[in-house]
Amino acid sequence: MAQNPVDAVVDAHRALHAAGQADLIWGHAALRDPDGRGLWTKSAGWGMEEITPERVVLLADDGTVLQGGGRRHIEFHIHAALLRARPDIGATVHTHAEAATAFAALDTPLRPLSHDAVPFLDPDVVRFTRTGDLIATAELGDALAEAIGDTNGCLIPGHGMVTVGADLPAAVMHAALLDRACRIQLQATAAGGPARWSPDGEVADKRRGLWTSTQLGAGYGYLVRSGAAGR
Ligand SMILES: [Zn+2]
């Protein structure tokens with residue numbers, strides 16, 4: 001995706017809104033600055049669907065606003081810590097998505113009831129349980145990054161979830177997939193189940209072939225178009 005960082009961050013927030021990840025003005029995606037200055041993300045105080053190029057900021061690793069209009073989100077530490085800890089990723093997402101937050105409260109293993117859970121099961125999705133409070137310090141951000149390790153994301157009981165990816169399409173799609181996986185299991189649980197899900201071998205096969213960067217990009221493109229159509 002040959003896009004400048006500002007437009008890429010606008011698209012990511014439109015996509016997250018289209019995926020139903022918004023919590024009023026909270027939740028955000030971030031993109032590693034290609035020139036190594038820090039990270040690009042949305043300004044505080046705006047909903048995901050309200051993000052325009054003027055409402056995108058470049059933050060240094062310590063949260064200093066280097067470029068763009070507006071204030072930083074308190075929880076920028078999530079993105080800064082993950083981008084420090086994971087040279088293999090280029091983008092991060094933190095949201096308070098409803099199904100993920102509800103499912104996190106159950107303390108039940110996430111099962112592969114559909115394709116959606118597959119990127120997170122090795123064998124279960126990570127949960128960051130140290131606090132459900134705001135990730136408002138670099139130290140808490142580092143602890144969260146340590147919990148996530150080399151996985152694609154985690155649930156935070158009492159708070160929400162975090163996902164990562166090689167780029168914004170992957171990080172945003174991981175957020176959409178994790179929330180959908182949680183919603184499907186909540187539905188199955190409410191109906192008295194689940195009683196059946198993909199066995200480990202099938203999950204391993206799916207992990208290899210299902211969510212390629214091409215597939216993630218295709219899903220993301222749809223979410224961006226959906227977000228743009230709703231504006
Ligand atoms: Zn939060």
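Side-chain contact between V65 and L59: present, with at least one pair of heavy atoms (C-beta onward) separated by less than 4.5 Å. Annotation: side chain of F128 is not in contact with side chain of V162 (no heavy-atom distance under 4.5 Å). Taking the side chain as every heavy atom from C-beta outward, R32 and I89 approach each other to under 4.5 Å. At least one side-chain heavy atom of K206 sits under 4.5 Å from a side-chain heavy atom of S198. Residues D107 and P157 form no side-chain contact, since every pair of their non-hydrogen atoms from C-beta on lies 4.5 Å or further apart. Residues Q3 and L168 fail the side-chain proximity criterion, which asks for heavy atoms closer than 4.5 Å. Put simply, the side chain of F103 does not reach to within 4.5 Å of the side chain of T189, judged on heavy atoms. By the 4.5 Å heavy-atom criterion applied to side chains, T92 and I78 are not counted as neighbours.
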(Q) Run the side-chain contact (heavy atoms from CB on, under 4.5 Å) test on V172 and D11 for me, step by step, so that the C-alpha distance in whole Å, both residues' side-chain angles and the decisive distance to 0.1 Å come before the verdict. (A) CA-CA 10 Å; V172 168; D11 277 359; over 6 Å; no

(Q) Pair H13, V56 - check side-chain contact (heavy atoms from CB on, under 4.5 Å), show working. (A) CA-CA 10 Å; H13 288 90; V56 172; over 6 Å; no

(Q) For a side-chain contact (heavy atoms from CB on, under 4.5 Å) check, start with the C-alpha distance between T41 and V57, then their side-chain angles and the critical distance, and finish with the verdict. (A) CA-CA 6 Å; T41 186; V57 288; 3.9 Å; yes

Q: Test H17 against I51 for side-chain contact (heavy atoms from CB on, under 4.5 Å), laying out the working first.
A: CA-CA 10 Å; H17 186 263; I51 297 307; over 6 Å; no

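One distance of note links CD1 of I156 with OG1 of T129; it measures 10.5 Å at 0.5 Å rounding. Note that the CZ atom of R183 and the CG atom of L178 stand 10.5 Å from one another [nearest 0.5 Å]. A distance of 11.5 Å separates NE2 in H94 from CG in L16, rounded to the nearest 0.5 Å. Remark: T163 OG1 to L155 CG distance equals 10.5 Å, nearest 0.5 Å. Atom CG of L58 is separated from atom CG of L31 by 10.0 Å, given to the nearest 0.5 angstrom. To the nearest 0.5 Å, atoms CD (E98) and SG (C182) are separated by 12.5 Å.
Across R127 and A104, no two heavy atoms sit closer than the pair NE-O, 4.3 Å. Listed here is the closest heavy atom pair of A117 and P112: CB-CA, 4.1 Å. Contact between A85 and P87 at its shortest, heavy atoms only, is O-CD, 3.4 Å.
Within the 3.5 Å criterion, the main-chain N or O of R71 finds no donor-acceptor partner in the side chain of S43. Using modelled atom types, one side-chain atom of Q185 and one backbone atom of P109 make a donor-acceptor pair closer than 3.5 Å. Panel note: side chain Q21, backbone A175; a donor-acceptor pair is recorded below 3.5 Å. Counting only distance, with no hydrogens or angles, the side chain of R55 and the backbone of G45 share no donor-acceptor pair below 3.5 Å. Between the Y220 side chain and the A171 main chain, no donor and acceptor come within less than 3.5 Å of each other. Side-chain atoms of K42 do not come within 3.5 Å of backbone N or O of E50 as any donor-acceptor pair. The main-chain N or O of R37 is never found under 3.5 Å from a side-chain atom of D35 such that the two would form a donor-acceptor pair. In terms of modelled atom types and a separation under 3.5 Å, the side chain of R72 and the main chain of G63 share a donor-acceptor contact. At least one donor-acceptor pair closer than 3.5 Å links the side chain of D124 to the backbone N or O of L110. Within the 3.5 Å criterion, the main-chain N or O of P119 finds a donor-acceptor partner in the side chain of N152.
In this structure F120 satisfies the ring-ring contact (aromatic ring centres under 6.0 Å, His included) test together with H174, sequence neighbours excluded.
Hydrophobic side-chain contacts under 4.5 Å tie L113 into a cluster, directly or through other members, with I184, W197.
Around NE2 of H96, the count of heavy atoms belonging to other residues, nucleotides or ligands within 6.0 Å exceeds 12.
Judged as a ring-ring contact (aromatic ring centres under 6.0 Å, His included), the pairs with a partner in residues 55-79 (not counting sequence neighbours) are, in order, H28-H73, H28-H79.
There is a side-chain donor-acceptor pair under 3.5 Å between H159 and E75.
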